[in-house]
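Notes follow once the structure below has been shown.
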Protein chains: 2
Amino acid sequence: MSQSFALENVEVSLSPQQRFEEFLRSRGKRNTPQRRLILDQVFARHDHFDAEDLLAHLRESGVAGKVSRASLYRTLKQFVDAGLLRQMNLGGRAIYEHDYGYPQHDHLHCQKCEKLIEFSSDEVKSIREAVAREHQFRAQGHRLIIFGVCSACARPKRQKRPLDLV
Amino acid sequence: MSQSFALENVEVSLSPQQRFEEFLRSRGKRNTPQRRLILDQVFARHDHFDAEDLLAHLRESGVAGKVSRASLYRTLKQFVDAGLLRQMNLGGRAIYEHDYGYPQHDHLHCQKCEKLIEFSSDEVKSIREAVAREHQFRAQGHRLIIFGVCSACARPKRQKRPLDLV
DNA sequence: ATTTATGCAAATCCTTTGCAAATCT
DNA sequence: AGATTTGCAAAGGATTTGCATAAAT
């Protein structure tokens, strides 16, 4: 599967696998069944996950090969270096999401259901530019998380309870 | 020492200690020498710190009393609940800074020297409002971190080396 | 042959928790 | 006395690391 997005002024048209291959090649590293397996799993769906989620998923989804915890952590780090994944810190652990071929965005974080909701705002990027300029700061990226309560959790849905008590 | 800031539409004029006293009283909790000691230390300077930094500081500064690691962690959490400190996650650990009596702001984070530089932008807050409205999200706060390289670290200052090699 | 990667278990870092002793009210 | 707090040490969760073995070049 091949995509085509304008990402950071570069036209991208390689699959994550191809992109990773190139990254590895350029550094004299090797691709392995484990790395391929993890990358497939990671790009099978677009969502947010942490290392332990993914490990559990890899294990229960009864995939052919298996991957050790150590290799998984080592590999995720490389995906970030390769620009495939974006990492953020939330509640003491690392959360990952697609970066490669995926447009820039930020998040709303519901404190009740822990859901992460994506949004994009061009203004954020322009604030970033302006602030960086003011401080002579060479900005390379940013993370904006707005936390609060999502619409679903805010909706006061009454507790489920036995009918005879209603 | 008493300050006076307009914070979230409420005129504030209590010292952190007084504010904490009230917080504790309102919850039937007690103030203790340890808590007072930590709070003094925390509000002695305006900077960013993590629990272990502070613990080391409390210990080396040969203060009269001492505080256990457990009490320190427990107390920091309460300062956050009391609205005295604001917490953020960075690089796998919790970073704290003054919240009470201190204006809202965000940060530039230098990836080289790890410094946190504060900035404030009214636009950030208005983006937050707009986005929240769009998503019917009840926003309670946000964290914006712009990461990159600060001006000091960007300045190519040459390596120090023996004179006879220059 | 030589380098790189894997898996396991141990180690580490940050933070929390159980519990008995100490301290308030 | 009754509730809250402390300190210590042990437990926990997430992530990293040392090292011997396995796989790739």
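In what follows, every chain begins at residue 1, and chains take the letters A, B, ... in the order their sequences are listed.
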Between A:Leu72 (CG) and D:dG13 (C1'), how many Å, whole number? 16 Å

When the distance from CZ of A:Phe79 to C1' of C:dA5 is rounded to whole Å, what number comes out? 14 Å

To the nearest angstrom, how far is A:Asn31 atom CG from D:dA24 atom P? 11 Å

Could you tell me if the side chain of A:Asn31 sits less than 4.5 Å from the side chain of A:Phe23, heavy atoms only? no

So which nucleotide from D:dT25, C:dG18, C:dC8 ends up closest to the side chain of A:Arg30? D:dT25

If you round to the nearest 0.5 Å, how far is NE2 of B:His107 from CZ of B:Arg143? 8.5 Å

When A:Arg35 and B:Asp50 are each assigned the nearest nucleotide of DNA chain C, the 5'-most assignment goes to A:Arg35

Which residue lies toward the 5' end of DNA chain C, B:Arg93 or B:Ala70, if each is placed at its nearest nucleotide? B:Arg93

Tell me what B:Glu52 touches on the nucleic acid: a base, only sugar-phosphate, or nothing, going by heavy atoms under 4.0 Å. base

Please work out whether the ring planes of B:His48 and B:His105 are parallel, tilted or perpendicular, with thresholds of 30° and 60°. perpendicular

Side chain of B:Val67 only, please: which of C:dG7, D:dG7, D:dT6 is the nearest? D:dG7

Look at all strands and tell whether B:Arg69 reaches a base, only sugar-phosphate, or nothing, counting heavy atoms closer than 4.0 Å. base

Any A:Lys77 side-chain nitrogen or oxygen under 4.0 Å from OP1 or OP2 of D:dT16: yes

For the pair made of CD1 in A:Ile38 and C1' in C:dA5, what is the distance, rounded to whole Å? 11 Å

Quick one: is D:dG7 close enough that its OP1 or OP2 comes under 4.0 Å of any side-chain N or O from B:Gln34? yes

Ignoring the backbone of B:Thr32, work out which of C:dG7, D:dG7, D:dT5 is nearest its side chain. D:dT5

Distance test, side-chain N/O of A:Gln78 to OP1/OP2 of C:dA5, below 4.0 Å: no

Can you find a side chain N or O atom of A:Ser71 that sits less than 4.0 Å from OP1 or OP2 on C:dG7? yes

What is the distance, to the nearest angstrom, from the CD1 atom on A:Ile95 to the P atom on D:dG13? 16 Å

Rounded to whole Å, NZ of B:Lys29 lies from P of D:dT6 at a distance of 11 Å

Rounded to the Å, how far apart are B:Asn89 CG and C:dC13 C1'? 14 Å

Taking the six-membered ring for Trp and the single ring otherwise, decide whether the centroids of B:His98 and B:Phe43 are under 6.0 Å apart. yes

Looking only at side-chain atoms of B:Arg74, point me to the closest of C:dG7, C:dG18, C:dT15. C:dG18

Report yes if a side-chain nitrogen or oxygen of A:Tyr73 is closer than 4.0 Å to either non-bridging phosphate oxygen (OP1 or OP2) of D:dT15; otherwise report no. yes

Quick check for you: to the nearest 0.5 Å, what is the distance between A:Asp106 atom CG and A:Ser120 atom OG? 8.5 Å

Taking the side chain of A:Ala94 as heavy atoms from C-beta outward, which of D:dG7, D:dT15, C:dC14 is closest to it? D:dT15

Rounded to whole Å, CZ of B:Arg25 lies from P of C:dT25 at a distance of 11 Å

Decide, yes or no, whether a salt bridge links B:Arg30 with B:Glu21 under the criterion of side-chain N to carboxylate O below 4.0 Å. no

